[in-house]
Amino acid sequence: MAYFYEEPSHTFGEYLLIPGYTSAECIPENVSLKTPVVRFNKKSGEKPSLSMNIPLVSAVMQSVSDDKMAIALAKEGGISFIFGSQTIENQAAMVARVKSYKAGFVTSDSNIRPDQTLEEVVSLIEQTGHSTIAVTDDGTAHGKLEGIITERDFRIDHVPANSKVNEYMTPFAKLVTGKDGITLSAANDLIWAHKVNQLPIIDDKNHLVSIVFRKDFDNHETHPNELMDTNHRYIVGAGINTRDYMERVPALLKAGVDILCLDSSEGYSEWQAKALHDIHEKFGKDVKVGAGNVVDREGFMFLAENGADFVKIGIGGGSICITREQKGIGRGQATATIEVAKARDEYYSKTGIYVPICSDGGIVHDYHITLALAMGADFVMLGRYFARFDESPTNKLIINGNYVKEYWGEGSNRARNWQRYDLGGKKGMAFEEGVDSYVPYAGRLHDNVSLSMSKVIHTMCNCGALSIPELQQKAKLTLVSSTTISEGSAHDVTVRNTSIHS
Ligand code: IMP
(Lines give C-alpha, C1' and ligand atoms only; values in the text may rest on other atoms or scores of the structure.)
Protein backbone atom coordinates (compact mmCIF):
# COMPACT_ATOMS: atom_id res chain seq x y z
CA MET A 1 0.00 0.00 0.00
CA ALA A 2 1.15 3.51 -0.74
CA TYR A 3 2.91 5.38 2.04
CA PHE A 4 1.17 8.46 3.44
CA TYR A 5 2.88 11.31 5.20
CA GLU A 6 0.05 12.38 7.48
CA GLU A 7 1.47 15.83 8.24
CA PRO A 8 1.37 18.53 5.55
CA SER A 9 4.75 19.69 4.36
CA HIS A 10 5.76 23.29 5.03
CA THR A 11 7.81 25.98 3.44
CA PHE A 12 10.05 28.74 4.81
CA GLY A 13 7.32 31.39 5.02
CA GLU A 14 5.51 29.26 7.60
CA TYR A 15 8.33 29.41 10.15
CA LEU A 16 9.95 31.97 12.42
CA LEU A 17 12.93 31.82 14.73
CA ILE A 18 12.57 32.34 18.46
CA PRO A 19 15.52 34.36 19.82
CA GLY A 20 18.00 32.64 22.14
CA TYR A 21 20.22 34.15 24.81
CA THR A 22 22.50 36.81 23.31
CA SER A 23 25.72 37.18 25.28
CA ALA A 24 27.93 40.27 25.05
CA GLU A 25 30.26 38.50 22.64
CA CYS A 26 27.40 37.87 20.22
CA ILE A 27 28.10 40.85 18.00
CA PRO A 28 28.20 40.87 14.18
CA GLU A 29 32.02 41.29 14.09
CA ASN A 30 32.40 37.92 15.83
CA VAL A 31 30.11 35.94 13.53
CA SER A 32 31.60 33.59 10.93
CA LEU A 33 29.56 32.39 7.96
CA LYS A 34 32.18 29.86 6.91
CA THR A 35 30.60 26.60 5.83
CA PRO A 36 31.76 23.25 4.39
CA VAL A 37 30.92 22.39 0.78
CA VAL A 38 32.22 18.83 0.43
CA ARG A 39 32.17 15.67 2.54
CA PHE A 40 34.86 15.20 5.16
CA ASN A 41 35.69 12.90 8.03
CA LYS A 42 34.57 15.17 10.82
CA LYS A 43 34.94 12.54 13.53
CA SER A 44 38.64 12.11 12.82
CA GLY A 45 39.20 15.88 12.93
CA GLU A 46 39.71 16.19 9.17
CA LYS A 47 38.94 19.61 7.64
CA PRO A 48 36.79 19.88 4.49
CA SER A 49 38.92 20.36 1.37
CA LEU A 50 36.51 23.06 0.15
CA SER A 51 34.60 25.57 2.26
CA MET A 52 32.88 28.86 1.46
CA ASN A 53 33.07 32.11 3.36
CA ILE A 54 29.36 32.80 2.88
CA PRO A 55 26.66 30.12 2.59
CA LEU A 56 25.46 31.03 -0.92
CA VAL A 57 25.78 29.32 -4.30
CA SER A 58 24.17 30.47 -7.52
CA ALA A 59 21.84 28.17 -9.45
CA VAL A 60 22.89 25.97 -12.35
CA MET A 61 20.88 28.04 -14.82
CA GLN A 62 21.42 29.80 -18.14
CA SER A 63 19.81 32.95 -16.79
CA VAL A 64 21.93 33.00 -13.62
CA SER A 65 25.39 31.49 -13.64
CA ASP A 66 27.99 32.37 -16.26
CA ASP A 67 31.62 33.40 -15.79
CA LYS A 68 30.75 36.99 -14.88
CA MET A 69 28.41 35.85 -12.11
CA ALA A 70 31.01 33.33 -10.94
CA ILE A 71 33.68 36.01 -10.54
CA ALA A 72 31.32 38.39 -8.75
CA LEU A 73 30.12 35.72 -6.32
CA ALA A 74 33.59 34.31 -5.63
CA LYS A 75 34.63 37.86 -4.70
CA GLU A 76 31.97 37.75 -1.96
CA GLY A 77 32.99 34.28 -0.76
CA GLY A 78 30.40 32.04 -2.48
CA ILE A 79 30.42 29.72 -5.52
CA SER A 80 28.58 29.79 -8.85
CA PHE A 81 27.74 26.59 -10.67
CA ILE A 82 28.11 27.48 -14.33
CA PHE A 83 25.17 26.16 -16.32
CA GLY A 84 25.60 22.88 -18.16
CA SER A 85 22.82 23.36 -20.70
CA GLN A 86 25.33 24.49 -23.32
CA THR A 87 28.05 22.83 -25.34
CA ILE A 88 30.97 21.30 -23.47
CA GLU A 89 33.35 23.76 -25.21
CA ASN A 90 31.37 26.84 -24.18
CA GLN A 91 30.99 25.71 -20.60
CA ALA A 92 34.68 24.84 -20.30
CA ALA A 93 35.58 28.23 -21.81
CA MET A 94 33.49 29.97 -19.13
CA VAL A 95 35.25 27.99 -16.41
CA ALA A 96 38.63 28.81 -17.95
CA ARG A 97 37.77 32.53 -18.00
CA VAL A 98 37.01 32.45 -14.28
CA LYS A 99 40.22 30.59 -13.53
CA SER A 100 42.36 32.91 -15.64
CA TYR A 101 40.75 36.04 -14.20
CA LYS A 102 43.27 37.69 -11.97
CA ALA A 103 41.65 39.98 -9.46
CA GLY A 104 42.94 43.45 -10.06
CA PHE A 105 44.72 42.58 -13.35
CA VAL A 106 42.54 43.95 -16.14
CA THR A 107 42.94 43.09 -19.81
CA SER A 108 42.94 46.50 -21.46
CA ASP A 109 39.85 46.99 -23.62
CA SER A 110 40.76 50.55 -24.74
CA ASN A 111 43.76 50.43 -27.02
CA ILE A 112 45.08 52.58 -29.86
CA ARG A 113 48.11 52.86 -32.16
CA PRO A 114 50.62 55.75 -31.80
CA ASP A 115 49.86 57.02 -35.34
CA GLN A 116 46.14 57.39 -34.67
CA THR A 117 44.55 60.76 -33.86
CA LEU A 118 43.31 62.52 -30.73
CA GLU A 119 39.87 62.59 -32.31
CA GLU A 120 39.95 58.79 -32.29
CA VAL A 121 41.06 58.84 -28.66
CA VAL A 122 38.04 60.96 -27.76
CA SER A 123 35.60 58.66 -29.53
CA LEU A 124 37.21 55.60 -27.89
CA ILE A 125 36.77 57.23 -24.47
CA GLU A 126 33.12 57.92 -25.28
CA GLN A 127 32.59 54.40 -26.53
CA THR A 128 34.18 52.51 -23.64
CA GLY A 129 33.77 54.99 -20.81
CA HIS A 130 37.43 54.42 -19.88
CA SER A 131 39.68 57.45 -19.62
CA THR A 132 42.99 55.54 -19.78
CA ILE A 133 44.05 54.13 -23.13
CA ALA A 134 46.99 51.86 -23.80
CA VAL A 135 49.04 52.78 -26.86
CA THR A 136 50.42 49.66 -28.51
CA ASP A 137 52.22 49.15 -31.83
CA ASP A 138 49.24 47.32 -33.36
CA GLY A 139 46.45 48.90 -31.30
CA THR A 140 45.57 45.63 -29.54
CA ALA A 141 45.45 44.64 -25.87
CA HIS A 142 48.63 42.58 -26.12
CA GLY A 143 50.67 44.57 -28.64
CA LYS A 144 54.06 46.10 -27.86
CA LEU A 145 53.50 48.89 -25.34
CA GLU A 146 54.46 52.32 -26.72
CA GLY A 147 52.82 54.56 -24.13
CA ILE A 148 49.64 55.52 -22.26
CA ILE A 149 47.29 58.34 -23.17
CA THR A 150 44.55 59.65 -20.90
CA GLU A 151 41.92 62.36 -21.24
CA ARG A 152 44.09 64.54 -18.99
CA ASP A 153 46.94 64.62 -21.54
CA PHE A 154 45.27 67.06 -23.96
CA ARG A 155 42.37 69.48 -24.35
CA ILE A 156 40.63 68.53 -27.55
CA ASP A 157 39.27 72.05 -28.21
CA HIS A 158 42.79 73.54 -27.85
CA VAL A 159 44.68 71.23 -30.22
CA PRO A 160 44.09 70.12 -33.82
CA ALA A 161 41.83 67.06 -33.64
CA ASN A 162 44.00 65.23 -36.12
CA SER A 163 47.12 65.52 -33.91
CA LYS A 164 48.84 62.19 -33.49
CA VAL A 165 48.59 60.14 -30.29
CA ASN A 166 52.40 59.81 -30.01
CA GLU A 167 52.77 63.61 -29.61
CA TYR A 168 50.63 63.67 -26.45
CA MET A 169 50.99 60.24 -24.84
CA THR A 170 53.30 59.43 -21.93
CA PRO A 171 55.94 57.44 -23.84
CA PHE A 172 57.10 54.01 -22.75
CA ALA A 173 60.43 55.32 -21.45
CA LYS A 174 58.63 57.51 -18.90
CA LEU A 175 56.13 54.86 -17.75
CA VAL A 176 56.30 52.93 -14.52
CA THR A 177 55.58 49.30 -15.45
CA GLY A 178 55.39 45.94 -13.69
CA LYS A 179 56.74 42.62 -14.97
CA ASP A 180 54.33 39.79 -15.75
CA GLY A 181 54.02 37.52 -12.71
CA ILE A 182 54.10 40.38 -10.17
CA THR A 183 51.65 39.91 -7.27
CA LEU A 184 48.76 42.30 -6.82
CA SER A 185 50.14 43.68 -3.59
CA ALA A 186 53.57 44.33 -5.18
CA ALA A 187 51.80 46.06 -8.09
CA ASN A 188 49.88 48.21 -5.65
CA ASP A 189 53.09 49.09 -3.80
CA LEU A 190 54.55 50.39 -7.11
CA ILE A 191 51.39 52.42 -7.80
CA TRP A 192 51.61 54.07 -4.39
CA ALA A 193 55.40 54.58 -4.43
CA HIS A 194 55.32 56.31 -7.84
CA LYS A 195 52.01 58.11 -7.30
CA VAL A 196 50.59 56.80 -10.59
CA ASN A 197 46.98 55.89 -11.33
CA GLN A 198 47.73 52.73 -13.26
CA LEU A 199 50.48 50.21 -13.74
CA PRO A 200 50.81 48.48 -17.13
CA ILE A 201 52.08 44.90 -16.73
CA ILE A 202 54.40 43.81 -19.54
CA ASP A 203 56.17 40.63 -20.58
CA ASP A 204 59.88 40.35 -21.34
CA LYS A 205 59.32 41.60 -24.92
CA ASN A 206 57.53 44.71 -23.62
CA HIS A 207 54.18 43.41 -24.81
CA LEU A 208 51.21 44.55 -22.74
CA VAL A 209 49.73 41.79 -20.55
CA SER A 210 47.28 43.69 -18.35
CA ILE A 211 46.85 46.88 -16.36
CA VAL A 212 46.43 47.31 -12.60
CA PHE A 213 44.42 50.40 -11.66
CA ARG A 214 44.75 52.32 -8.42
CA LYS A 215 40.97 52.33 -7.96
CA ASP A 216 40.87 48.52 -8.06
CA PHE A 217 43.05 48.36 -4.98
CA ASP A 218 40.18 49.76 -2.93
CA ASN A 219 37.91 47.32 -4.69
CA HIS A 220 40.14 44.45 -3.58
CA GLU A 221 40.03 45.76 -0.03
CA THR A 222 36.23 45.68 -0.04
CA HIS A 223 36.19 41.94 -0.67
CA PRO A 224 37.69 40.41 2.46
CA ASN A 225 35.78 37.15 1.90
CA GLU A 226 37.13 36.37 -1.58
CA LEU A 227 37.13 32.63 -2.27
CA MET A 228 40.35 31.56 -3.95
CA ASP A 229 42.30 28.39 -4.58
CA THR A 230 45.91 27.92 -3.50
CA ASN A 231 47.07 29.64 -6.72
CA HIS A 232 44.98 32.73 -5.97
CA ARG A 233 42.44 31.94 -8.65
CA TYR A 234 38.72 32.22 -7.99
CA ILE A 235 36.86 29.04 -7.04
CA VAL A 236 34.21 28.00 -9.57
CA GLY A 237 31.70 25.17 -9.94
CA ALA A 238 29.88 23.69 -12.93
CA GLY A 239 26.68 21.75 -13.52
CA ILE A 240 26.83 18.39 -15.30
CA ASN A 241 24.24 15.85 -16.44
CA THR A 242 24.04 12.07 -16.26
CA ARG A 243 24.53 11.58 -20.01
CA ASP A 244 27.64 13.20 -21.41
CA TYR A 245 29.74 13.31 -18.22
CA MET A 246 32.50 11.10 -19.63
CA GLU A 247 33.29 13.88 -22.14
CA ARG A 248 32.14 16.93 -20.16
CA VAL A 249 33.94 16.22 -16.89
CA PRO A 250 37.48 15.94 -18.33
CA ALA A 251 36.96 19.15 -20.32
CA LEU A 252 35.80 21.00 -17.20
CA LEU A 253 38.65 19.59 -15.12
CA LYS A 254 41.12 20.68 -17.77
CA ALA A 255 39.63 24.17 -17.63
CA GLY A 256 40.28 24.17 -13.87
CA VAL A 257 36.82 23.61 -12.36
CA ASP A 258 36.87 23.15 -8.57
CA ILE A 259 33.58 21.38 -8.00
CA LEU A 260 30.85 19.74 -10.04
CA CYS A 261 27.17 19.25 -9.42
CA LEU A 262 24.91 16.69 -11.04
CA ASP A 263 22.05 18.88 -12.05
CA SER A 264 18.72 17.12 -12.09
CA SER A 265 15.23 17.96 -10.95
CA GLU A 266 15.05 14.52 -9.33
CA GLY A 267 18.24 12.87 -8.13
CA TYR A 268 17.15 9.65 -6.39
CA SER A 269 17.99 7.62 -9.45
CA GLU A 270 20.18 4.85 -10.79
CA TRP A 271 21.70 7.34 -13.27
CA GLN A 272 23.03 9.58 -10.53
CA ALA A 273 24.55 6.64 -8.64
CA LYS A 274 26.20 5.43 -11.84
CA ALA A 275 27.50 8.88 -12.72
CA LEU A 276 28.98 9.33 -9.22
CA HIS A 277 30.72 5.95 -9.41
CA ASP A 278 31.98 6.42 -12.97
CA ILE A 279 33.33 9.91 -12.30
CA HIS A 280 35.12 8.90 -9.10
CA GLU A 281 36.48 5.75 -10.70
CA LYS A 282 37.62 7.32 -13.97
CA PHE A 283 38.77 10.74 -12.79
CA GLY A 284 39.66 10.05 -9.17
CA LYS A 285 38.12 10.44 -5.71
CA ASP A 286 39.55 13.96 -5.51
CA VAL A 287 37.05 15.16 -8.10
CA LYS A 288 34.28 16.72 -6.04
CA VAL A 289 30.71 16.07 -7.19
CA GLY A 290 27.47 17.16 -5.55
CA ALA A 291 24.24 15.38 -6.42
CA GLY A 292 20.47 15.87 -6.17
CA ASN A 293 17.80 16.93 -5.91
CA VAL A 294 16.13 14.91 -3.18
CA VAL A 295 13.49 15.77 -0.58
CA ASP A 296 13.63 12.98 1.98
CA ARG A 297 15.85 10.75 4.11
CA GLU A 298 15.89 7.88 1.63
CA GLY A 299 17.04 10.09 -1.22
CA PHE A 300 19.82 11.60 0.91
CA MET A 301 21.06 8.22 2.16
CA PHE A 302 21.13 6.87 -1.38
CA LEU A 303 23.27 9.71 -2.73
CA ALA A 304 25.53 9.86 0.36
CA GLU A 305 26.18 6.13 0.16
CA ASN A 306 26.99 6.45 -3.52
CA GLY A 307 29.69 9.02 -2.84
CA ALA A 308 28.01 12.42 -3.35
CA ASP A 309 30.24 15.17 -1.95
CA PHE A 310 27.21 17.26 -1.06
CA VAL A 311 23.49 16.68 -1.49
CA LYS A 312 21.06 19.21 -2.88
CA ILE A 313 17.48 19.41 -1.60
CA GLY A 314 14.35 20.66 -3.31
CA ILE A 315 11.69 19.67 -5.80
CA GLY A 316 9.15 22.12 -7.05
CA GLY A 317 9.94 25.10 -4.83
CA GLY A 318 11.83 27.27 -7.33
CA SER A 319 10.25 30.59 -8.24
CA ILE A 320 10.09 29.72 -11.96
CA CYS A 321 9.21 26.10 -11.31
CA ILE A 322 5.94 24.45 -12.36
CA THR A 323 7.05 20.86 -11.66
CA ARG A 324 4.46 20.38 -8.91
CA GLU A 325 1.67 21.56 -11.20
CA GLN A 326 2.85 19.52 -14.14
CA LYS A 327 3.84 16.28 -12.46
CA GLY A 328 2.46 16.37 -8.93
CA ILE A 329 5.83 15.66 -7.31
CA GLY A 330 7.59 17.77 -4.70
CA ARG A 331 7.59 18.74 -1.07
CA GLY A 332 7.53 21.95 0.99
CA GLN A 333 11.13 23.19 1.07
CA ALA A 334 11.31 23.61 4.86
CA THR A 335 10.04 20.12 5.61
CA ALA A 336 12.39 18.62 3.01
CA THR A 337 15.37 20.49 4.48
CA ILE A 338 14.55 19.48 8.05
CA GLU A 339 14.20 15.79 7.15
CA VAL A 340 17.35 15.70 5.03
CA ALA A 341 19.32 17.50 7.76
CA LYS A 342 18.28 14.79 10.22
CA ALA A 343 19.43 12.15 7.73
CA ARG A 344 22.76 13.95 7.31
CA ASP A 345 23.28 13.88 11.10
CA GLU A 346 22.28 10.22 11.26
CA TYR A 347 24.76 9.38 8.48
CA TYR A 348 27.45 11.32 10.33
CA SER A 349 26.90 9.53 13.63
CA LYS A 350 26.98 6.18 11.83
CA THR A 351 30.03 6.80 9.64
CA GLY A 352 31.91 9.81 11.03
CA ILE A 353 31.51 11.41 7.59
CA TYR A 354 29.79 14.77 7.31
CA VAL A 355 28.05 15.28 3.96
CA PRO A 356 27.03 18.96 3.56
CA ILE A 357 23.51 19.66 2.34
CA CYS A 358 22.29 22.53 0.18
CA SER A 359 18.74 23.85 0.22
CA ASP A 360 17.94 24.72 -3.41
CA GLY A 361 15.17 27.10 -4.47
CA GLY A 362 12.28 28.89 -2.86
CA ILE A 363 14.23 31.61 -1.06
CA VAL A 364 12.00 34.69 -1.26
CA HIS A 365 13.09 36.88 1.65
CA ASP A 366 16.59 37.21 3.10
CA TYR A 367 15.42 35.69 6.37
CA HIS A 368 14.56 32.48 4.49
CA ILE A 369 18.31 31.99 4.11
CA THR A 370 18.71 32.11 7.90
CA LEU A 371 15.78 29.76 8.35
CA ALA A 372 17.25 27.24 5.88
CA LEU A 373 20.57 27.32 7.76
CA ALA A 374 18.82 27.02 11.12
CA MET A 375 16.91 23.99 9.78
CA GLY A 376 20.23 22.32 9.05
CA ALA A 377 21.27 23.41 5.54
CA ASP A 378 25.00 24.08 5.22
CA PHE A 379 24.39 26.44 2.32
CA VAL A 380 21.62 27.54 -0.01
CA MET A 381 21.31 27.73 -3.79
CA LEU A 382 19.47 30.69 -5.29
CA GLY A 383 18.30 31.50 -8.79
CA ARG A 384 15.80 34.37 -8.72
CA TYR A 385 17.88 36.22 -6.13
CA PHE A 386 20.98 36.38 -8.34
CA ALA A 387 19.09 36.84 -11.62
CA ARG A 388 18.16 40.36 -10.46
CA PHE A 389 21.72 41.68 -10.42
CA ASP A 390 23.92 43.48 -12.96
CA GLU A 391 26.18 40.42 -13.10
CA SER A 392 23.54 37.93 -14.28
CA PRO A 393 23.82 36.96 -17.96
CA THR A 394 20.41 38.23 -19.06
CA ASN A 395 19.05 41.42 -20.60
CA LYS A 396 18.00 44.37 -18.51
CA LEU A 397 14.75 45.80 -19.89
CA ILE A 398 12.21 48.46 -19.01
CA ILE A 399 8.70 47.07 -18.51
CA ASN A 400 5.91 49.45 -17.46
CA GLY A 401 8.49 52.04 -16.52
CA ASN A 402 10.45 49.69 -14.24
CA TYR A 403 13.82 48.07 -14.80
CA VAL A 404 13.63 44.28 -14.88
CA LYS A 405 15.96 41.41 -15.75
CA GLU A 406 14.94 38.29 -17.62
CA TYR A 407 14.82 35.02 -15.70
CA TRP A 408 13.80 31.66 -17.13
CA GLY A 409 13.71 28.11 -15.78
CA GLU A 410 15.99 25.37 -17.07
CA GLY A 411 12.85 23.36 -17.81
CA SER A 412 11.23 26.13 -19.85
CA ASN A 413 11.01 26.06 -23.61
CA ARG A 414 13.50 28.91 -23.67
CA ALA A 415 16.25 26.86 -21.98
CA ARG A 416 15.39 23.61 -23.73
CA ASN A 417 17.41 21.74 -21.13
CA TRP A 418 15.43 18.56 -21.50
CA GLN A 419 18.36 16.47 -20.24
CA ARG A 420 17.64 17.77 -16.78
CA TYR A 421 14.12 16.41 -16.82
CA ASP A 422 13.92 13.70 -19.44
CA LEU A 423 14.10 10.18 -18.03
CA GLY A 424 15.19 8.68 -21.33
CA GLY A 425 13.27 6.02 -23.21
CA LYS A 426 10.94 6.70 -26.07
CA LYS A 427 7.57 7.12 -24.38
CA GLY A 428 8.16 10.51 -22.85
CA MET A 429 7.10 13.68 -24.60
CA ALA A 430 8.83 16.89 -23.62
CA PHE A 431 6.67 19.29 -21.60
CA GLU A 432 7.63 22.43 -19.76
CA GLU A 433 8.54 22.39 -16.07
CA GLY A 434 9.53 26.02 -15.85
CA VAL A 435 8.44 29.46 -16.98
CA ASP A 436 10.11 32.39 -18.70
CA SER A 437 9.76 35.51 -16.53
CA TYR A 438 10.99 38.94 -15.45
CA VAL A 439 12.37 39.82 -12.03
CA PRO A 440 12.83 43.34 -10.65
CA TYR A 441 16.30 44.67 -11.35
CA ALA A 442 18.20 45.11 -8.07
CA GLY A 443 21.64 46.57 -8.90
CA ARG A 444 25.08 45.26 -8.00
CA LEU A 445 25.62 41.81 -6.53
CA HIS A 446 28.10 43.14 -3.97
CA ASP A 447 25.61 45.60 -2.42
CA ASN A 448 22.79 43.07 -2.23
CA VAL A 449 24.83 40.16 -0.91
CA SER A 450 26.43 42.39 1.74
CA LEU A 451 23.01 43.50 2.93
CA SER A 452 21.55 39.98 2.93
CA MET A 453 24.52 38.57 4.84
CA SER A 454 24.27 41.41 7.33
CA LYS A 455 20.67 40.42 8.03
CA VAL A 456 21.65 36.75 8.44
CA ILE A 457 24.45 37.71 10.84
CA HIS A 458 22.20 39.93 12.95
CA THR A 459 19.58 37.20 13.28
CA MET A 460 22.32 34.73 14.25
CA CYS A 461 23.30 37.13 17.05
CA ASN A 462 19.66 37.21 18.19
CA CYS A 463 19.80 33.42 18.36
CA GLY A 464 23.08 33.48 20.30
CA ALA A 465 25.03 31.81 17.47
CA LEU A 466 28.48 32.83 16.25
CA SER A 467 28.70 30.23 13.50
CA ILE A 468 26.41 28.24 11.22
CA PRO A 469 26.97 24.94 13.13
CA GLU A 470 26.11 26.79 16.35
CA LEU A 471 22.94 28.18 14.76
CA GLN A 472 21.97 24.66 13.65
CA GLN A 473 22.37 23.45 17.22
CA LYS A 474 20.78 26.32 19.09
CA ALA A 475 17.98 27.48 16.78
CA LYS A 476 14.44 27.33 18.07
CA LEU A 477 11.93 27.35 15.24
CA THR A 478 8.20 27.77 15.39
CA LEU A 479 5.49 27.13 12.84
CA VAL A 480 3.25 30.16 12.50
CA SER A 481 -0.41 30.60 11.63
CA SER A 482 -1.48 32.68 8.64
CA THR A 483 -2.70 35.42 10.99
CA THR A 484 0.74 35.50 12.63
CA ILE A 485 2.24 35.90 9.17
CA SER A 486 0.08 38.93 8.37
CA GLU A 487 0.89 40.38 11.80
CA GLY A 488 4.56 40.18 10.74
CA SER A 489 4.39 42.84 8.06
CA ALA A 490 3.25 46.42 8.57
CA HIS A 491 -0.48 46.36 9.31
CA ASP A 492 -3.25 48.73 10.25
CA VAL A 493 -1.19 51.73 9.18
CA THR A 494 -0.68 53.60 5.93
CA VAL A 495 2.98 53.09 5.07
CA ARG A 496 4.77 56.28 4.02
CA ASN A 497 8.25 55.01 3.26
CA THR A 498 8.19 51.68 1.45
CA SER A 499 12.00 51.42 1.30
CA ILE A 500 12.08 49.83 4.77
CA HIS A 501 10.72 46.68 3.15
CA SER A 502 13.45 46.22 0.63
P1 IMP B 1 14.69 30.12 -7.08
O2 IMP B 1 15.90 30.54 -6.31
O3 IMP B 1 13.45 30.04 -6.22
O4 IMP B 1 14.47 30.94 -8.31
O5 IMP B 1 14.94 28.61 -7.54
C6 IMP B 1 16.04 28.22 -8.30
C7 IMP B 1 16.03 26.70 -8.45
O8 IMP B 1 14.88 26.29 -9.21
C9 IMP B 1 17.18 26.13 -9.24
O10 IMP B 1 18.36 26.01 -8.50
C11 IMP B 1 16.63 24.77 -9.66
O12 IMP B 1 16.75 23.79 -8.65
C13 IMP B 1 15.16 25.06 -9.86
N14 IMP B 1 14.82 25.21 -11.27
C15 IMP B 1 15.50 25.85 -12.24
N16 IMP B 1 14.84 25.84 -13.42
C17 IMP B 1 13.72 25.15 -13.18
C18 IMP B 1 12.60 24.78 -14.01
O19 IMP B 1 12.48 25.13 -15.19
N20 IMP B 1 11.65 24.03 -13.41
C21 IMP B 1 11.73 23.63 -12.11
N22 IMP B 1 12.72 23.99 -11.29
C23 IMP B 1 13.71 24.74 -11.83
Side-chain angles (χ1 to χ4, degrees), residues 11-13 55-66 69 73 78-86 237-241 261-268 272 290-295 299 310-334 336-337 340 357-369 371-372 377 379-389 392-394 404-422 430-440 442 445 448-449 452:
T11 193
F12 297 128
L56 304 186
V57 298
S58 70
V60 196
M61 296 174 75
Q62 292 174 1
S63 51
V64 180
S65 299
D66 68 350
M69 176 62 71
L73 184 51
I79 298 178
S80 282
F81 285 87
I82 290 183
F83 65 95
S85 50
Q86 58 177 327
I240 55 172
N241 62 66
C261 181
L262 280 164
D263 177 38
S264 172
S265 59
E266 205 275 284
Y268 184 12
Q272 290 229 350
N293 284 8
V294 298
V295 286
F310 67 87
V311 172
K312 205 144 68 67
I313 311 156
I315 296 179
S319 57
I320 31 49
C321 177
I322 51 171
T323 295
R324 292 184 194 167
E325 268 170 30
Q326 294 280 58
K327 301 208 302 209
I329 59 165
R331 197 176 197 191
Q333 190 63 15
T337 304
V340 172
I357 54 171
C358 166
S359 173
D360 172 16
I363 299 287
V364 181
H365 299 292
D366 288 334
Y367 82 88
H368 291 171
I369 300 173
L371 284 177
F379 53 100
V380 296
M381 176 173 269
L382 310 99
R384 186 196 61 86
Y385 177 85
F386 287 112
R388 300 171 304 146
F389 305 151
S392 77
T394 70
V404 295
K405 294 270 292 189
E406 298 171 304
Y407 179 45
W408 61 90
E410 285 295 296
S412 67
N413 272 338
R414 184 160 181 188
R416 297 190 186 281
N417 181 11
W418 304 123
Q419 291 188 333
R420 187 171 193 272
Y421 301 89
D422 187 4
F431 53 89
E432 284 190 294
E433 287 193 42
V435 298
D436 187 359
S437 69
Y438 300 120
V439 286
L445 179 142
N448 285 277
V449 167
S452 302

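Residue numbers run from 1 in the order of the sequence given. Both ligands and their constituent atoms are indexed starting at 1 by order of listing.
Distances between N or O atoms of Gly383 and those of ligand 1 include at least one value under 3.5 Å. Looking at Gly411 next to ligand 1, an N or O pair under 3.5 Å apart turns up.
Looking at heavy atoms from C-beta onward, Phe389 lies out of side-chain contact with Lys405 at the 4.5 angstrom threshold. Between Ser63 and Phe83, the closest side-chain pair of non-hydrogen atoms is not below 4.5 Å.
Set against the non-hydrogen atoms of Ile320, the atoms of ligand 1 under 4.0 Å away are 8 (O), 14 (N), 15 (C), 16 (N), 17 (C), 23 (C). The ligand atoms of ligand 1 that sit less than 4.0 angstrom from a heavy atom of Thr323 are 21 (C). Taking a cut-off of under 4.0 Å to the non-hydrogen atoms of Gly434, the atoms of ligand 1 that pass are 18 (C), 19 (O), 20 (N). Every atom of ligand 1 with a heavy atom of Glu433 under 4.0 Å away is listed here by number and element: 18 (C), 19 (O), 20 (N), 21 (C). With ligand atoms numbered from 1 in the order given, ligand 1 contributes 1 (P), 3 (O), 4 (O), 5 (O) to contacts under 4.0 Å with heavy atoms of Ser319. Per-residue contacts place Leu382 under 4.0 angstrom from the following atoms of ligand 1 (heavy atoms of the residue considered): 2 (O). The Met381 neighbourhood of ligand 1 comprises atoms 10 (O), with distances under 4.0 Å to a heavy atom of that residue. Near Arg384, meaning under 4.0 Å from one of its heavy atoms, ligand 1 places the atoms 1 (P), 2 (O), 4 (O).
Contact analysis puts Gly362 in contact with ligand 1, with a non-hydrogen atom separation below 4.0 angstrom. In this structure, Tyr407 is part of the shell of residues with a heavy atom less than 4.0 angstrom from ligand 1.
Gln326 places a side-chain N or O within 3.5 Å of a backbone atom of Glu432 that can act as its donor or acceptor partner. Here the side chain of Arg324 pairs no donor or acceptor atom with the backbone of Gly330 at under 3.5 angstrom. Using modelled atom types, no side-chain atom of Ser80 and backbone atom of Ile82 make a donor-acceptor pair closer than 3.5 Å.
Of the heavy atoms in Met61, only side-chain atoms (C-beta onward) come closer than 4.0 Å to ligand 1.
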Stepwise side chain to side chain contact (heavy atoms under 4.5 Å, CB included) check, Thr323 with Ile315: CA-CA 8 Å; Thr323 295; Ile315 296 179; 4.2 Å; yes
Trace of the side chain to side chain contact (heavy atoms under 4.5 Å, CB included) decision for Phe386 with Met69: CA-CA 8 Å; Phe386 287 112; Met69 176 62 71; 3.8 Å; yes
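Comparing Gly318, Ala59, Ser359 by heavy-atom distance to atom 5 (O) of ligand 1, the nearest is Gly318. Checking Asp436, Val380, Asp360, Ile313 against atom 10 (O) of ligand 1, the nearest heavy atom belongs to Asp360.
In terms of the side-chain contact (heavy atoms from CB on, under 4.5 Å) criterion, residue partners of Cys358 (sequence neighbours excluded) are, by chain and number, Val57, Phe310, Lys312, Phe379, Met381. Applying the salt bridge (Lys or Arg N to Asp or Glu O under 4.0 Å) test to Arg414 and every residue at least two apart in sequence or in another chain returns Glu406, Asp436.
Aromatic ring pairs are classed by plane angle as parallel below 30°, tilted from 30° to 60° and perpendicular above 60°; the pair His368 and His365 is perpendicular.
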